Amino acid sequence: MSTLPAPPRPQRKKIWVDYLVQFRWIIIVFVVLPLSCVIYFLSYLEERKTEKKPYKQRQKEHEENVHKVVKRLQQRNPFKDGLVCTARKPYIVVGMRHVDYKRARHFEVDLSPFNNVLDVDRERMVVKVEPLVTMGQLSRITVPMNLALPVVSELNDLTVGGLINGYGIEGSSHIYGLFSDTLVSLEVVLADGKVVRVTKDNEYSDLFYAIPWSQGTLGLLVSAEIKLIPVKEYMRLTYKPVRGSLGELAQAYADSFAPKGGDPKKMPDFVESLIFTPTEGVFMTGAYASEEEAKRKGNVINRVGWWFKPWFYQHAETALKRGEFVEYIPTREYYHRHTRSLFWEMKLILPFGDQWWFRWPMGWMMPPKISLMKITQGEAIRKYYHDMHVIQDMLLPMHKVADALEFLHREMEVYPIWLCPHRLFKLPVKTMVYPEPGFELDPKQGDNSFAQMFADIGVYYAPGPVLRGEEFDGAEAVHRLEEWLIQNHGFQPQYSVSELSEDNFWRMFDRELYDHCRRKYKAIGTFMDVYYKSKKGKKTEKEVLEAEAAIAETEYAVAEKEN
């Protein structure tokens with residue numbers, strides 16, 4: 001048992017929505033999964049068709065589509081048409097939560113054609129892509145070349161644009177940082193229709209550092225150049241079980257990739273840890289390996305991407321009984337190891353999806369499209385998940401992981417917990433997300449002179465009280481989590497549910513560079529503020545409309561004054 005047991009809560013009476021959630025699998029199996037397969041197949045055909053186009057044709061089509069975006073922006077009347085946002089439907093966004101800002105008046109710009117890989121430059125080790133290119137699409141092209149992005153986020157459907165404007169992390173982030181740290185350049189359409197190339201060294205360097213976490217509120221991203229690294233065919237993965245208190249698990253997590261007194265050059269290529277109970281965890285470290293090494297006699301190859309295979313997190317959990325073991329996983333299958341089960345969310349949505357009798361005949365249809373699940377869940381289930389479910393990530397200094405795990409156990413009791421370290425670099429300017437001031441003067445485990453080691457703590461599941469039938473106030477729990485993060489120099493990715501007030505949002509994030517770029521590039525009065533766009537609390541239609549009107553009125557007034 002944990003040294004900090006969760007407080008007892010009174011039992012909750014079941015309501016009719018509980019039964020809708022319990023039998024939601026019927027719609028998933030007979031409607032969502034078949035439709036998802038059709039969509040995946042058509043998307044694959046479209047991607048393959050695009051890949052066969054010569055470079056010059058792809059570039060020409062890209063330039064034509066950029067011109068259409070510029071022309072569309074020029075058609076907007078700022079005092080009649082509302083604030084600018086993309087025409088992408090809210091339910092398409094990868095994330096189990098709905099967004100609210102598109103329920104209000106807005107001016108749509110269609111970016112749907114921007115879904116192509118434009119060029120793979122093996123000499124410069126750079127790939128140029130459009131914002132709707134997905135992680136699955138990109139890894140399918142680059143990995144056979146023995147190339148990959150430094151940070152390949154796990155879920156296939158995550159897009160480059162979302163990871164740049166928002167937040168992206170992977171088990172390699174303890175070396176390369178967040179997804180935005182791997183950028184070479186950005187092509188952005190500004191509020192006035194001007195198309196600019198943005199790099200860390202040119203006249204738009206302030207915009208280069210301001211765009212990550214801005215949620216597309218500084219300009220419209222139409223392409224990006226991203227670094228590539230050489231990779232090998234397999235990942236040699238070591239599974240190590242650890243038992244102890246939450247504090248001891250946190251220390252084992254840090255020791256798994258940054259042992260005290262260890263050589264920082266010998267860091268593993270990949271790091272991932274799963275906390276299954278308050279006293280048990282499995283800590284995984286990976287290193288790229290050649291096909292020759294993987295196929296040597298005695299080595300175990302595990303093709304985790306096959307449809308009939310156990311879900312990855314459950315496979316990792318077997319280390320608690322088996323003890324430490326090593327296996328080789330094909331690199332691309334390792335990158336997307338959590339896709340089929342959406343980490344472990346599918347265990348709640350499709351409770352028997354992990355059973356052999358389902359995996360063998362129907363596992364090839366997994367995972368269901370998140371967008372289709374959103375469409376079919378309805379307002380009642382949406383509100384239920386807001387109160388009875390947790391989908392959060394916490395980014396905080398590595399040395400505070402033990403405190404965070406104990407806080408989460410007291411407040412939510414959500415297991416498994418995902419742990420993924422990442423470097424937060426000391427940049428030339430202070431961005432929305434930044435290391436602790438003076439961290440380099442008193443370095444902790446994993447820190448160095450140019451970056452502070454942070455950790456992502458992923459919490460995605462029904463809380464313990466909900467599973468036991470007890471009362472649980474999801475909104476209040478998120479309030480307390482956000483306040484704890486603010487007090488501990490933590491940050492909350494904006495895809496998560498947020499109950500932050502505007503004042504608290506800017507207590508968590510630094511706004512100086514963001515506000516500077518909003519004014520300099522005339523985004524005020526054209527693009528909505530990042531706080532309003534990010535907030536995903538529980539609001540009625542009337543509240544959304546009133547908030548949009550108030551924000552728009554203020555931003556238009558500021559824009560008119562500055563012009």
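A quick note: this is a predicted structure, and the numbers were derived from the prediction, not measured. Residue numbers start at 1 and run along the sequence shown.
- Ring geometry for Tyr335 against Phe270 counts as tilted: the plane angle lies between 30° and 60°, on a 0 to 90° scale.
- In summary, Lys232 and Glu293 do not engage in a salt bridge, as defined by a charged side-chain N under 4.0 Å from a carboxylate O.
- Annotation: Trp357, atom CH2; neighbour count of heavy atoms from other residues, nucleotides and ligands within 6.0 Å is above 12.
- Checked against a 6.0 Å centroid threshold, the rings of Phe509 and Phe505 count as neighbours.
- In this structure, the ring of Tyr176 has its center no less than 6.0 angstrom from the ring center of His422.
- Remark: Glu292 CD is loosely packed, at most 12 non-hydrogen atoms of other residues, nucleotides or ligands lying under 6.0 Å away.
- Each salt bridge (Lys or Arg N to Asp or Glu O under 4.0 Å) pair with one or both residues in residues 305-326, not counting sequence neighbours, would appear here, but there are none.
- Counting heavy atoms of neighbouring residues, nucleotides and ligands inside a 6.0 Å radius, atom NZ of Lys426 does not exceed 12 of them.
- Taking the six-membered ring wherever Trp is involved, the centroid distance between the rings of Phe308 and Trp356 does not fall below 6.0 Å.
- Between Glu248 and Arg243 there is no salt bridge, since no side-chain nitrogen of the basic residue lies less than 4.0 Å from a carboxylate oxygen of the acidic one.
- You'll find the ring centres of His336 and Tyr334 outside the 6.0 Å limit.
- The aromatic rings of His409 and Tyr415 sit tilted relative to each other, their planes meeting at an angle between 30° and 60°.
- Using bins of under 30°, 30° to 60° and over 60° for the plane-to-plane angle, the ring pair His489/Phe491 lands in the perpendicular bin.
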